[in-house]
There are 2 protein chains.
Amino acid sequence: MRFDAITIKDIANALGFSKSTVSRALRDSHEISPETKKLISAYAEEHNYRPNPIALSLKEKRSRSIGIVVCEIANSFFSQVINGIESIAYDCGYNAIISQTHESFEREIVGLNYLSSRSVDGLLISVSAETTSFSHLKSLHNKGLPIVFFDRVASDIKTHKVTVDNFTGSYDATTHLIENGFTRIASISLSQHSSITQGRLNGYKKALTDHYIPIDESLIRYCAHGGLFYEELEKEMNVLLNLKQRPQAIFASSDKITMGVLRYFKSTGIRVPNDIAVVGFSNSETTDLLQPALTVVRQPAFEMGKIATEMLINLMEAKRAVKVFENRVLPAELVVRDSSVKQMIELLNN
Amino acid sequence: MRFDAITIKDIANALGFSKSTVSRALRDSHEISPETKKLISAYAEEHNYRPNPIALSLKEKRSRSIGIVVCEIANSFFSQVINGIESIAYDCGYNAIISQTHESFEREIVGLNYLSSRSVDGLLISVSAETTSFSHLKSLHNKGLPIVFFDRVASDIKTHKVTVDNFTGSYDATTHLIENGFTRIASISLSQHSSITQGRLNGYKKALTDHYIPIDESLIRYCAHGGLFYEELEKEMNVLLNLKQRPQAIFASSDKITMGVLRYFKSTGIRVPNDIAVVGFSNSETTDLLQPALTVVRQPAFEMGKIATEMLINLMEAKRAVKVFENRVLPAELVVRDSSVKQMIELLNN
DNA sequence: TTGTACGCGTTATCAG
DNA sequence: CTGATAACGCGTACAA
């Protein structure tokens with residue numbers, strides 16, 4: 001709060017009106033005479049009067065702020081989502097308060113307590129990789145807090161959700177690898193319990209079976225902490241690379257994991273795509289500049305943020321309880337580059 | 001605000017005490033009998049009572065939130081700074097509200113209005129690349145809003161500041177290029193008026209003159225919008241590459257610009273470091289995975305966020321007006337990789 | 001057309 | 001030890 005913020009009371013005293021007259025004049029009420037209005041608004045303008053939002057919040061029982069929970073803002077996908085959220089929220093007069101989980105269940109709880117105690121009017125959340133129980137969210141939801149899930153959702157909480165078509169995204173990515181001649185394709189993804197892992201794994205498996213490739217469970221690995229710690233990912237990659245039959249290609253199913261996989265190959269001297277091909281989910285801005293340029297499944301992150309926010313604002317501003325919930329699924333886009341293309345391998349080998 | 005948030009009044013009515021007794025009991029005042037305390041706190045616990053922070057803010061005339069203004073959260077440097085800020089702020093009971101300028105002066109003004117109208121207790125800001133006038137900030141500062149600048153500062157506002165040693169960072173980077181045999185070294189940086197441009201340019205120039213290389217003004221280019229639009233950067237790069245004497249190396253002085261330079265070279269087919277060497281300021285997590293691995297000047301971003309926040313909290317919680325301001329300068333670190341090393345060039349040419 | 005009184009949730013002050 | 005009251009800044013019935 002700034003030191004000398006001017007209030008309605010100050011204006012009233014200065015001009016000899018009552019607080020209510022000033023309040024009404026500033027809100028351009030029809031029951032105030034034009035001269036009085038002019039006088040008051042001139043004074044307010046001159047002294048740069050701004051209504052105190054905290055007093056308003058207290059009165060209106062709403063803070064006009066929405067809570068955002070994501071694992072990391074230092075992740076292109078999430079920072080793009082946040083930009084999408086803000087593009088809508090600010091226009092509708094809402095403020096966004098961001099809380100990071102760093103993929104920790106415990107930090108998710110703490111952040112959520114924080115946000116709800118800060119009286120956010122609604123919540124946009126992509127749950128942490130560690131989260132398997134949703135009772136904390138259910139409890140908030142039951143208390144009447146409007147919630148919209150995006151990306152990583154809680155399937156058994158009945159509210160609006162926005163996700164990407166994880167199934168098709170990874171089906172396409174896996175098919176692309178198969179069509180480029182790879183058959184031993186490993187998958188490395190988030191926690192087994194995460195909603196996105198389900199869809200992505202199913203797409204991967206379906207692509208394999210559609211091409212008569214048996215599913216080899218030893219080629220499917222998980223990172224319970226979302227690959228946030230490199231060591232976690234390194235361990236899983238070591239398992240894959242030490243298999244009797246090494247995988248010919250890796251399908252990495254999150255931004256952080258994809259980059260970890262590349263770092264792993266770089267540090268172990270394994271060449272991509274010469275020794276092994278790579279496709280990964282990533283919204284990073286620099287995937288085209290990597291060595292080699294990375295084939296990615298890209299999500300419409302900004303769009304996702306926009307839609308989730310529109311849904312949330314609908315929920316928050318609904319006159320009566322919303323009973324029908326939408327489950328919006330956005331398309332993912334496969335961007336083919338060098339890291340997954342066999343032609344490239346032959347070229348480099350010659 | 002959640003639907004059925006329980007208040008002190010509810011507890012008072014339910015238990016037949018007065019509001020004040022309940023308030024005191026919950027704050028563990030010594031003037032409440034142990035039995036009453038037990039009764040009240042049990043009831044509060046059971047009904048999950050949380051004091052309403054908005055009411056507290058109104059009463060205490062402070063929101064316990066701090067405003068952060070940065071150009072983009074989708075920029076590793078700034079997201080790392082924000083993590084540093086949060087690491088301190090949350091522990092001290094402060095909430096962080098982030099506002100992005102996207103390098104636009106106008107959006108900086110809007111965001112600042114927004115934050116100050118949201119009654120933040122203090123402000124951490126790295127001004128936008130476009131910002132040349134600081135009257136908006138001066139005005140807030142004069143009204144008593146505690147402000148700490150980091151990274152891009154307003155030199156004539158007297159308050160705490162945290163910056164990196166831009167001069168030495170670019171002196172070292174430029175010297176490194178010179179010692180690797182490059183003499184025609186171009187510089188491409190933010191707006192000429194930005195505080196960091198000054199320091200970085202001075203370091204660059206000093207390194208040249210220390211090595212008896214004349215400064216060629218035609219090799220010094222600026223991006224008024226911080227290279228946020230690729231076209232802006234492309235234009236400047238075209239100018240440099242169309243010089244009669246092409247530069248042999250590029251020194252890029254911000255994260256966004258550095259990536260833009262690489263993208264430019266990739267799209268024009270100019271090979272790094274074979275055709276031209278590159279060094280840039282960058283805190284991106286993936287510079288080691290780029291083609292070629294990028295030589296960078298890295299800033300202690302997390303540290304910077306922590307220090308700025310400590311300074312701000314000092315300011316906000318100071319009993320009397322602070323008169324002596326600190327200007328903390330943190331070291332930058334040169335990380336040498338392939339993009340700037342001549343040995344690499346010969347290797348690749350063979 | 002303008003003023004008075006009240007309430008949002010909390011704590012501090014003053015009374016008892 | 002406990003209760004009543006005022007105040008933070010605002011908007012709005014209700015009164016004049």
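Values reported hereafter were calculated over all heavy atoms of this structure, with side chains retained and with hydrogens, waters and symmetry mates removed. Each chain gets a letter, A, B and so on, in the order its sequence line appears, and its residues count up from 1.
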So, is [X] close to the [N] phosphate, meaning a side-chain N or O under 4.0 Å from OP1 or OP2?
{"X": "T36(B)", "N": "dT2(D)", "value": "yes"}
{"X": "K61(B)", "N": "dG9(D)", "value": "yes"}
{"X": "S23(B)", "N": "dT11(C)", "value": "yes"}
{"X": "T21(A)", "N": "dT2(C)", "value": "no"}
{"X": "S33(B)", "N": "dT2(D)", "value": "yes"}
{"X": "S20(A)", "N": "dG11(D)", "value": "no"}
{"X": "Y49(A)", "N": "dG9(D)", "value": "no"}
{"X": "T7(A)", "N": "dG9(D)", "value": "no"}

What is the separation between atom [atom1] on [X] and atom [atom2] on [N], rounded to the nearest whole Å?
{"X": "L15(A)", "N": "dT2(C)", "atom1": "CG", "atom2": "C1'", "value": "14 Å"}
{"X": "D10(B)", "N": "dT10(C)", "atom1": "CG", "atom2": "C1'", "value": "13 Å"}
{"X": "I8(A)", "N": "dT4(C)", "atom1": "CD1", "atom2": "P", "value": "15 Å"}
{"X": "R27(A)", "N": "dG9(D)", "atom1": "CZ", "atom2": "C1'", "value": "13 Å"}
{"X": "E31(A)", "N": "dC14(D)", "atom1": "CD", "atom2": "P", "value": "13 Å"}
{"X": "N13(B)", "N": "dT10(C)", "atom1": "CG", "atom2": "P", "value": "13 Å"}
{"X": "I40(A)", "N": "dT1(C)", "atom1": "CD1", "atom2": "P", "value": "13 Å"}
{"X": "I54(A)", "N": "dG9(D)", "atom1": "CD1", "atom2": "C1'", "value": "10 Å"}

- Query: K158(A) and F325(A): which non-hydrogen atoms are nearest, and at how many Å?
  - Reply: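 Looks like O-CE1, 3.3 Å.
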
- Which pair of non-hydrogen atoms, one from E103(B) and one from A129(B), has the smallest distance, and what is that distance?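 Taking E103(B) first and A129(B) second, the nearest heavy atoms are OE1-N, 2.6 Å.
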
- Message: Would you say that more than 12 heavy atoms from the other residues, nucleotides or ligands in this model lie under 6.0 Å from the CD of E317(B), or not?
- Response: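 Count over threshold, so yes.
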
- Message: Are there over 12 heavy-atom neighbours, none belonging to E45(B), within less than 6.0 Å of that residue's CD?
- Response: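 Check fails, neighbour count at 12 or below.
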
- Message: Ignoring hydrogens and geometry beyond distance, is a side-chain donor-acceptor pair present between D151(A) and S126(A) at under 3.5 Å?
- Response: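 There is such a pair between these side chains.
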
- Message: Distance criterion of 3.5 Å, no angle test: do you see the side chain of R24(A) paired donor-to-acceptor with the base of dG3(C)?
- Response: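 Indeed there is one.
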
- Message: Check this for me, if you would: do R64(A) and D121(A) make a salt bridge, where the nitrogen-to-carboxylate-oxygen distance has to be below 4.0 angstrom?
- Response: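 A salt bridge is absent here (no side-chain N lies under 4.0 Å from a carboxylate O).
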
- By nearest nucleotide on DNA chain C, pick out whichever of I32(A) and A55(A) is the more 5' one.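 Of the two residues, I32(A) wins.
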
- Is there side-chain contact between L228(A) and E72(A), with heavy atoms separated by less than 4.5 Å?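 Yes, their side chains come closer than 4.5 Å.
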
- Item | Point-to-point distance, once rounded to the nearest 0.5 Å, from CD1 of I11(A) to CZ of F17(A) |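 One finds 11.5 Å between CD1 of I11(A) and CZ of F17(A).
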
From C-beta outward on [X], which listed nucleotide comes closest to its side chain: [options]?
{"X": "K9(A)", "options": "dC8(D), dT4(C), dT2(C)", "result": "dC8(D)"}
{"X": "L58(A)", "options": "dT10(C), dC8(C), dT2(D)", "result": "dC8(C)"}
{"X": "K19(B)", "options": "dA6(D), dC10(D), dT1(C)", "result": "dA6(D)"}

- Between the two end axes of the helix from dT1(C)-dA16(D) to dG16(C)-dC1(D), each built from 5 base pairs, what angle do you get to the nearest 10°?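 End axes: 60° apart.
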
